[in-house]
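These notes concern the structure reproduced below.
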Amino acid sequence: MTHNRAIAERFAQMADMLEIKGESIFRINAYRRAARAVEGLTEDVAALAARGELTNIPGIGKATAEKIVEFLRTGTMKAYDELAATLPPGLTTLMAVPEVGPKTALLLYEQLGITSLDALEAAAKAGRLRDLPRMGPKTEENILRGIAMVRRSAARRPLGVALPVAEALVATLRETREVDAIEVAGSLRRRKETVGDIDILVTSRSPERVMEAFVAAPPVAQVLSHGPTRSSVILDVGLQADVRVVEPASYGAALQYFTGSKEHNVALRERAVRRGLKLNEYGVWRTKDDRRIAGRDEAGVYNAVGLPWIPPELREDAGELEAAEAGRLPTLVTVEEIRGDLHVHTTWSDGASSAEAMATAAKALGYAYLCITDHSQSLKVAGGVSVEDLRAHAAVVRRLSDRLGIEVLMGTECDIGPDGALDYPDEVLDDLDVVIASVHTRFRMSRDEMTRRIVRALETGRVDILGHPTGRLLGARDPYEVDIERIVDAAARSGVALEINASPERLDLKDTDARLARERGVRLAVNTDAHAAAELRHMPLGISVARRAWAEAADVLNTLSPTALRAHLRGRRGARRRR
DNA sequence: GCCGTTTTCGGCCCGACTGTTTTCAGTCG
């Protein structure tokens with residue numbers, strides 16, 4: 001997938017540059033669409049190019065396909081370079097500031113020679129923007145605020161931070177009793193791994209009351225706008241939150257509209273137009289007589305354009321409309337279908353709760369099983385367990401099952417050494433129910449070395465699950481360099497499940513990689529990696545990722561019943577012994 | 001620049017808000 005990003009980035013940049021130059025909006029949108037198409041691919045664009053299938057990708061035509069081929073062959077894109085040469089470098093970065101679009105960016109450059117955020121900030125602070133046409137003190141202030149927001153790490157927050165904040169806000173609003181229907185919309189409803197703001201949609205007979213309750217809610221740090229049907233605030237965690245009140249007759253259409261994604265909505269509206277319909281946030285209308293035929297509920301909106309309701313997690317214009325049309329939408333896995341957690345830590349390594357406390361908490365969640373997987377011997381910083389202690393713990397664990405009425409399995413989160421070797425002898429691993437293998441050291445290997453290291457571990461035949469496969473920490477540590485396609489293929493060959501680690505800091509694998517794995521027949525395991533009993537509750541975050549990867553229950557290892565899971569694990573060990 | 005069961009030419013999603021105007025351009029979602 002190495003080229004996809006670079007090519008998508010160039011197309012997106014070209015769109016911005018063409019927009020500044022006042023090109024046709026349709027040509028600009030074509031580049032934007034091409035950028036998204038390449039970015040959203042689940043395989044390396046080079047493979048598609050080699051098969052001559054580039055123009056099969058919706059949004060890629062003759063011209064963009066040629067540019068892709070050129071880039072793959074030469075590492076450059078002449079059209080991009082020539083276009084960039086006609087504009088001062090840095091100009092497109094101004095467009096990242098809210099309220100600065102192509103027209104304003106060009107104006108800022110032509111009138112004041114501004115091509116960087118720093119220069120823009122200096123000019124705004126000096127009051128030099130207000131004299132430009134169509135600008136005043138208000139705009140200047142907004143631009144300064146916008147620059148601050150851009151600098152605040154693009155202001156996106158991990159799903160695990162935003163979701164509880166949004167849920168608390170919804171609970172607060174519900175208490176006003178003026179609220180009829182209320183739901184979170186936006187990227188949060190689609191469960192994207194990070195969200196830029198919180199969108200909440202409400203129907204109410206007294207909208208003003210709802211708005212007053214909203215702007216006065218405890219987590220509100222600053223009120224940006226406060227109108228009768230719409231208000232925006234900044235919350236103490238730095239996230240923006242918007243609440244909109246709509247008529248009940250439009251609630252479904254508004255929910256659909258504000259859930260997005262933008263790309264999904266554009267595709268859906270194009271579909272509506274082809275059917276002689278018009279779709280907006282108020283409903284679905286027949287073009288010929290302007291009569292509304294749907295809008296009250298979301299399913300009705302989709303039905304009106306001839307589709308079944310599409311789960312929010314799939315709404316990325318990544319094939320879901322075609323699948324819906326063909327009646328092949330997946331039945332997405334739900335958290336209720338999860339029968340147990342296969343990756344948790346205890347006080348035996350770096351966890352905060354005992355094995356018994358973890359098992360008790362797992363039982364309270366309704367799980368049928370829990371697997372204890374403390375760190376292996378060489379990971380001293382996390383209290384790695386010696387072989388001797390591991391055997392003693394196993395004996396304790398086996399007695400827990402009978403006593404607590406939940407099946408407690410014994411496993412390990414076994415370190416993968418720099419050379420790909422596992423951190424316990426084979427016979428020790430063979431005595432465990434579940435072996436998770438993970439990388440915790442030496443992150444900065446070359447891409448090829450890291451890939452071979454992990455593939456080698458998978459090929460030992462003693463690994464059941466590859467833990468947090470890319471090692472990323474959301475907003476804190478980038479994934480290590482690794483060729484995820486080769487890992488997926490190795491996992492497919494050796495029957496290893498790839499983990500979706502539900503820890504709010506990780507969400508690793510990410511959605512698109514998990515989808516790739518699933519499409520190649522690799523099973524996913526959704527685990528919390530809980531280091532305390534309360535963290536077992538992170539499971540829904542991991543399920544969100546699985547759903548965004550189009551996973552059904554059958555794709556997820558820990559939806560298996562205890563019997564089926566045991567049979568699966570025994571089968572793997574049996575195959576090994578027969579070799 | 002892309003695309004096609006109305007089309008290989010002529011379309012391409014749509015409305016609200018803001019700040020600046022004095023009727024609307026620009027931006028956003």
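Lettering follows sequence order; numbering is per chain, from 1.
As a whole-Å value, the separation of A:M135 CE from B:dT20 C1' is 11 Å. Note: NE2 (A:H264) to P (B:dC14) measures 16 Å, nearest angstrom. Per the geometry, CG belonging to A:D131 stands 14 Å off C1' belonging to B:dT20, to the nearest Å. The CG-P distance, from A:L129 to B:dG19, rounds to 15 Å in whole Å. When rounded to the nearest whole Å, the span between CZ of A:R145 and P of B:dG19 equals 9 Å. Between A:H226 atom NE2 and B:dT18 atom P there is a gap of 13 Å when expressed in whole angstrom units. The distance between atom CD1 of A:I143 and atom P of B:dG26, rounded to the nearest whole Å, is 14 Å. In this structure, CD of A:E99 is placed 7 Å from P of B:dG19, rounded to the nearest angstrom.
An OP1 or OP2 oxygen of B:dG19 is reached within less than 4.0 angstrom by a side-chain nitrogen or oxygen of A:N142. Contact annotation: A:K262 side-chain N/O to B:dC28 OP1/OP2 distance is not under 4.0 Å. Between A:Y31 and the phosphate of B:dC2, there is no side-chain N or O to OP1/OP2 separation shorter than 4.0 Å. For the OP1/OP2 pair of B:dC12 and a distance below 4.0 Å, the side-chain nitrogens and oxygens of A:N29 include no atom meeting the criterion. Between A:R27 and B:dG1, a side-chain N or O to OP1/OP2 separation shorter than 4.0 Å is present. The shortest distance between the side-chain N/O atoms of A:S24 and the OP1/OP2 oxygens of B:dG1 is not below 4.0 Å. Considering only side-chain N and O atoms, A:T139 lies nowhere under 4.0 angstrom from the phosphate OP1 or OP2 of B:dT18.
The pair A:E519-A:R515 meets the salt-bridge criterion, since a charged nitrogen lies less than 4.0 angstrom from a carboxylate oxygen. With respect to the salt-bridge test (charged N to carboxylate O, under 4.0 angstrom), the residues A:D16 and A:R32 qualify. Using a 4.0 Å cut-off between charged nitrogen and carboxylate oxygen, A:E316 and A:R548 count as a salt-bridge pair. The pair A:R10-A:E70 does not meet the salt-bridge criterion, since no charged nitrogen lies less than 4.0 angstrom from a carboxylate oxygen.
When each of B:dA25, B:dT27, B:dG1 is scored by its nearest atom to the side-chain atoms of A:K67, the top-ranked nucleotide is B:dG1. Out of B:dC14, B:dC2, B:dG26, the shortest distance to the side chain of A:K278 is found at B:dC14. Nearest nucleotide to the side chain of A:P137, out of B:dG1, B:dT20, B:dC17: B:dT20. Closest to the side chain of A:A63, out of B:dT20, B:dG15, B:dC2, is B:dC2. Taking every side-chain heavy atom of A:T64 into account, B:dC2 is the closest of B:dC2, B:dG19, B:dT27. Looking at the side chain of A:K103, the nearest of the listed nucleotides B:dC2, B:dT27, B:dG19 is B:dT27.
Counted by atom type alone, A:E99 and A:T104 present zero donor-acceptor pairs between their side chains at under 3.5 Å.
The only member of A:M14, A:K78, A:K62 that meets side chain to side chain contact (heavy atoms under 4.5 Å, CB included) when paired with A:K67 is A:M14.
A distance of about 16 Å separates the P atoms of B:dC12 and B:dT5, rounded to the whole Å. Only the P atoms considered, B:dG29 is 29 Å distant from B:dT23, to the nearest whole Å. Comparing B:dT8 with B:dC3, their C1' atoms are spaced 9 Å from each other, to the whole Å. Going from the C1' atom of B:dG10 to that of B:dG15 covers 24 Å, rounded to whole Å. B:dC2 and B:dT7 have their P atoms separated by 22 Å, given to the nearest Å. Spacing between B:dA16 and B:dG11 at atom C1', rounded to whole Å, works out to 25 Å. One P atom belongs to B:dC14, the other to B:dC9, and the distance between them is 25 Å to the nearest Å.
The base of B:dC2 does not come close enough to the side chain of A:R33 for any donor and acceptor atom to sit less than 3.5 Å apart. Judged by distance alone, with hydrogens and angles left aside, A:Y257 brings a side-chain donor or acceptor within reach of the base of B:dG29, the pair sitting under 3.5 Å.
Nucleic acid contact class of A:G59 (heavy atoms, under 4.0 Å, all strands): sugar-phosphate only. In this structure, A:L268 reaches neither bases nor backbone, as no heavy-atom distance under 4.0 Å exists between it and the strands shown.
Surrounding CZ of A:R51 are more than 12 heavy atoms belonging to other residues, nucleotides or ligands, all under 6.0 Å away.
For B:dC12, the paired nucleotide is B:dG1, the pair qualifying as Watson-Crick or G-U wobble because both relevant distances are below 3.5 Å.
For the pair A:R244 and A:F258, the cation-pi test (distance below 6.0 Å, angle within 45°) is passed.
Annotation: of the two residues near DNA chain B, A:I57 and A:E281, the 5′-most nearest-nucleotide partner is A:I57. With the nearest nucleotide of DNA chain B identified for both A:P133 and A:T229, A:T229 has the one nearer the 5' end.
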